[in-house]
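Everything on this sheet refers to the single structure shown next.
We name chains A, B, ... by the order of the sequence lines, and we start the count at 1 in each one. In this text the structure is predicted, and so the values were computed from the model without any measurement.
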Number of protein chains: 2
Amino acid sequence: MIARSELKRELINAGIRPSVQRLAIYEYVKSHHTHPTADVVYDALRDELGSLSLTTVYNTLKLFVDAGLVQLLTIDDTFRCFDGDTSCHAHFRCDSCGKIVDLKIKSDFLSMVSGLEGFEIKEAQLYLKGICPICKRKN
Amino acid sequence: MIARSELKRELINAGIRPSVQRLAIYEYVKSHHTHPTADVVYDALRDELGSLSLTTVYNTLKLFVDAGLVQLLTIDDTFRCFDGDTSCHAHFRCDSCGKIVDLKIKSDFLSMVSGLEGFEIKEAQLYLKGICPICKRKN
DNA sequence: TTCATTTCTGAAACCATTGCAAATATAAAA
DNA sequence: TTTTATATTTGCAATGGTTTCAGAAATGAA
């Protein structure tokens, strides 16, 4: 759990004015590592904030992604979800239960890719899909 | 270029009846390595086939993906595109020109991921984004 | 041929996401 | 403090790629 004052500072450092809504949304994605969709964040915060618009959630998360504070995941092709953890890691999506899990990955994994000369890499996403251990045991 | 008869056999082996439309769509994605969207395939084949529905293209591509004959790429979160090459390779998307490029990758790159015990991996996608050599030279 | 099954089609529905313009809040200036 | 300008939020409507639907056509089996 990160202190609100620290989160506030991060937003300001990124040039983002820390409004009540923005700070609440930022705190949510930084403290919940559940890869929520915009809709999940909206449902979780609308009571706490009294009033909140789904549009604001979409706009704010996009703002965070553009600023590099949050990752956008497109591992599921039917919706977008967000990850407050911007460190280097892979994602696994279970075909059975839909859960998205973080996986550790060696920081130099790009050495496995050849033909990158002349390319400027800004972002790398490794998506794995299959059956998670829990669902596998059930079958 | 693969012979039609060979493509036909592949469809039958996968349990898919090779209708005129399916064979044409399959031939297109197997011979064009341009990562087309359903719409691009539709535009390319509607003249050749006389009549063709966009719905048929969507249904057919989904059928191929489910059968493992074609890959679905979600590297661009605003649309889906397809890749007839199902061998192990990575994809790069240029932020500037939008082009999607194939990149070679070592077949054992999953060894870079830890904590996979108990997981059954059915699919792996490595997406890289940034600026391609051509766009970089222009700036 | 006849019947059952599969496939194809266009139109309509779906739904996550975005655009818009008004309302509100915040900061700066007077 | 009050005024003014700017930034942010809001609700609703619209967008657009994708999926669904029911009927029509084609295919295969008997």
Side-chain angles (χ1 to χ4, degrees), chain A residues 7-8 11-12 14-29 35-67 69-83 93 98 100, chain B residues 8 11-12 14-29 35-67 69-82 93 98 100:
Chain A
L7 295 169
K8 206 168 184 173
L11 290 183
I12 293 169
I16 295 171
R17 212 194 285 184
S19 69
V20 176
Q21 289 86 349
R22 286 175 175 176
L23 193 56
I25 294 168
Y26 193 54
E27 183 178 40
Y28 188 90
V29 292
H35 315 93
T37 61
D39 206 59
V40 167
V41 176
Y42 171 66
D43 279 337
L45 296 179
R46 58 192 304 186
D47 292 332
E48 178 188 330
L49 292 177
S51 98
L52 177 65
S53 162
L54 181 56
T55 306
T56 299
V57 179
Y58 272 107
N59 289 340
T60 303
L61 287 171
K62 181 176 167 49
L63 195 67
F64 293 165
V65 169
D66 289 343
L69 297 172
V70 167
Q71 268 191 325
L72 169 66
L73 305 184
T74 56
I75 192 170
D76 194 305
D77 59 307
T78 57
F79 54 81
R80 307 174 189 184
C81 55
F82 299 88
D83 190 348
R93 203 277 319 271
I100 297 174
Chain B
K8 205 167 183 173
L11 289 183
I12 292 169
I16 295 171
R17 209 192 285 179
S19 69
V20 176
Q21 290 83 348
R22 287 175 173 178
L23 194 55
I25 294 169
Y26 192 55
E27 183 178 40
Y28 187 90
V29 293
H35 314 94
T37 62
D39 207 59
V40 167
V41 176
Y42 171 66
D43 278 336
L45 295 179
R46 59 192 304 186
D47 292 333
E48 178 189 330
L49 291 177
S51 96
L52 177 66
S53 161
L54 181 56
T55 306
T56 300
V57 179
Y58 272 109
N59 289 340
T60 304
L61 287 172
K62 182 175 167 49
L63 195 69
F64 293 164
V65 169
D66 290 344
L69 298 173
V70 167
Q71 270 192 323
L72 169 65
L73 304 185
T74 57
I75 191 169
D76 194 306
D77 60 305
T78 57
F79 56 82
R80 307 177 189 183
C81 54
F82 299 87
R93 201 278 319 271
I100 297 174

query = Separation of A:Leu72 atom CG from C:dA16 atom C1', in whole Å?
reply = 13 Å
ask   = Whole Å only: how far is the CG atom of A:Leu63 from the C1' atom of C:dT18?
value = 15 Å
Separation of atom CD1 in A:Ile16 from atom C1' in C:dT26, rounded to whole Å = 17 Å
message = Which residue is it: A:Leu23, A:Val40, A:Leu61, A:Val57? I am looking for the one with a side chain to side chain contact (heavy atoms under 4.5 Å, CB included) to A:Tyr28.
response = A:Val40
key: Gap between atoms CG and P, on B:Asp76 and C:dT17 respectively (whole Å)   = 14 Å
request  = Give the rounded distance in Å between these two atoms: CD1 of A:Ile12 and C1' of C:dT26.
outcome  = 13 Å
request  = Please state how far atom CZ in A:Phe79 lies from atom C1' in D:dT19, giving the value in whole angstrom units.
outcome  = 17 Å
Beyond-backbone contact of A:Arg22 with A:Ile16, side-chain heavy atoms, under 4.5 angstrom = yes
ask   = Given side chains that start at C-beta, do those of B:Val65 and B:Arg80 come closer than 4.5 Å, heavy atoms only?
value = no
ask   = Roughly how many Å is it from NZ in A:Lys62 to P in C:dT18, rounded to a whole number?
value = 7 Å
task = Would you give a per-nucleotide map of nucleotides 9-15 of chain D, 5' to 3', where B means the base has a protein non-hydrogen atom under 4.0 Å away, S means only the sugar-phosphate does, and - means neither?
result = SBBB---
key: Under 4.0 angstrom between B:Tyr58 side-chain N/O and D:dT18 OP1 or OP2   = yes
query = Does the side chain of B:Lys8 reach to within under 4.5 Å of the side chain of B:Tyr26, using non-hydrogen atoms?
reply = no
ask   = Mind checking whether B:Asp76 and B:Phe79 have side chains closer than 4.5 Å, heavy atoms only?
value = yes
B:Arg80 vs D:dT19: side-chain N/O to OP1/OP2 distance below 4.0 Å = yes
query = For B:Leu49 and C:dT7, what is the distance between atoms CG and C1' respectively, to the nearest whole Å?
reply = 14 Å
key: A:Leu72 vs A:Asp83 side-chain heavy atoms within contact, under 4.5 Å   = no
